[in-house]
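Here the structure is laid out as structure tokens; the discussion comes afterwards.
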Amino acid sequence: MSHAHAALISALPKAELHLHIEGSLEPEMMFRLAERNGISLPYPTVEAVRAAYDFDNLQSFLDLYYAGAGVLQTEQDFYDLTWAYLLRCRDDKVVHTEIFFDPQTHTERGIAFGTVYQGIRRALDDARAQLNISSRLIMSFLRHLSEEDGFVVLEQARPYLAGIDGFGLDSSEVGHPPAKFARLFAACHQLGLPCVAHAGEEGPPAYVWEALDLLKVCRIDHGVRALEDASLVARLVASRMPLTVCPYSNIKLRVFDQLKDHNLRQLLQAGLCATVNSDDPAYFGGYVQENYLGCARELGLSKAEILQLCQNGFEASWLSPEEKAHWQAECSRIAAGFAD
Ligand code: ADE
Ligand code: ZN
């Protein structure tokens, strides 16, 4: 990759739309919080934790991700976790972020919903005031649990809905199709909030169809397997349905062998609104800027493609039309100062 593209990528303002806050828990913080909370970890060192991050598939990652989240106990822990991520946003020129939290990961082990929510919320509010980073907060349901469990956590969320901007669906995909949550998502829509779902990460294109038709989502998280179904691609293109693609995640979880095999470029060439995101950066080895840099290098992205990806991030966000237009104009203005 030319030096010019690295400079372009670091100069461009970015939106991140697919980030699990629990997936930003770096091993150093895991140790710090474990010590603070009197929890013993099954690893002797930070290096040993990192060495364990060698995954075969989504489930082998999720097992460690849920175990790691066990160090998060107090509101301050959730604040510190979120604030550390927001400082990384500042460094990567992420000016807007729409983050997931998985309340059931915490309520299932006895942490109150409000403890989780308030720590995250306070950090997002501080980032708006102190770092000039705007955000949205997406409450995500765990699909390996039942729809009934989803209704329980939705009840627990009720006092906090003013600070929750939408709903998502994540965790073990295969065997837990979107159809399992049709009634729950209908209840979410009744609250007037937008919905998204992970689909087409490991699961087949049929799961993407279900997310669209049964859950009525406004974005597909991942969606890289949509390319296997031409009529699905046509529908996604015609509706400008965004895909929140996470390249490093897809390599670490073995959806693709290597970054040079990733289909991000084909997604763009098909006319899809593909975006670049980090998913669980503490586990997958790179925050959002690193995902852009890696793709530019390994896929040979052009200046126009890099600009398109950044513009798509704002288009696909839940910012107002005026804010989207502002950031897209900023992207164009900044890109104009760089060579092709
Ligand atoms: N939870 C955190 N990261 C996830 C991913 N990539 N897919 C499904 N569930 C997740
Ligand atoms: Zn994800």
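FYI, side chains are in, hydrogens and waters are out, and symmetry mates aren't considered; it's all heavy atoms of this structure. Both counts, for ligands and for their atoms, begin at 1 and track the order of listing.
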Would [X] count as being in polar contact with ligand 1, using the rule that some N or O on each side must be under 3.5 angstrom apart?
| X | value |
| --- | --- |
| Glu201 | yes |
| Ser171 | yes |
| Asp280 | yes |

When you check the side-chain N and O atoms of [X] and [Y], is any donor under 3.5 Å from an acceptor?
| X | Y | value |
| --- | --- | --- |
| Asp280 | Tyr248 | no |
| Ser332 | Gln311 | yes |
| Thr275 | Asn277 | yes |

- Query: Which heavy atom of the protein is the closest neighbour of atom 6 (N) of ligand 1, given with residue, atom name and distance?
  - Reply: Asp279 OD2, 2.7 Å

- Query: Which protein non-hydrogen atom lies closest to atom 4 (C) of ligand 1, naming both residue and atom, and how far is it?
  - Reply: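 The answer is His20 NE2, 3.6 Å.
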
Any idea how [X] and [Y] line up, ring-wise: parallel (<30°), tilted (30 to 60°), or perpendicular (>60°)?
| X | Y | result |
| --- | --- | --- |
| His18 | His222 | perpendicular |
| Phe78 | His106 | perpendicular |
| His20 | Tyr65 | perpendicular |

- Phe61 neighbourhood, listing ligand 1 atoms whose heavy-atom distance to it stays under 4.0 Å: 2 (C), 3 (N)

- Query: At a 4.0 Å threshold, what atoms of ligand 1 neighbour a non-hydrogen atom of His198?
  - Reply: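 Reading through ligand 1 atom by atom, the close ones are 5 (C), 7 (N), 8 (C).
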
- Pair Arg32 + Asp77, salt bridge at N-O below 4.0 Å: no

Are [X] and ligand 1 in contact, using a heavy-atom cut-off of under 4.0 Å?
| X | result |
| --- | --- |
| His222 | yes |
| Leu62 | yes |
| Phe100 | no |

- Query: Do you see an N/O/S atom of His222, backbone or side chain, under 2.8 Å from the Zn ion (ligand 2)?
  - Reply: no

- Would a line drawn from the ring center of Tyr283 to the ring center of Phe61 be shorter than 6.0 Å? yes

- Task: Please round to the nearest 0.5 Å and tell me the distance separating atom CZ of Arg122 and atom CG of Leu124.
- Result: 11.5 Å

- Looking at the Zn ion (ligand 2), which N/O/S atom of Asp279 is the nearest one? OD1

- Query: How open is the angle at the Zn ion (ligand 2) from atom NE2 of His20 over to atom NE2 of His198, rounded to 10 degrees?
  - Reply: 90°

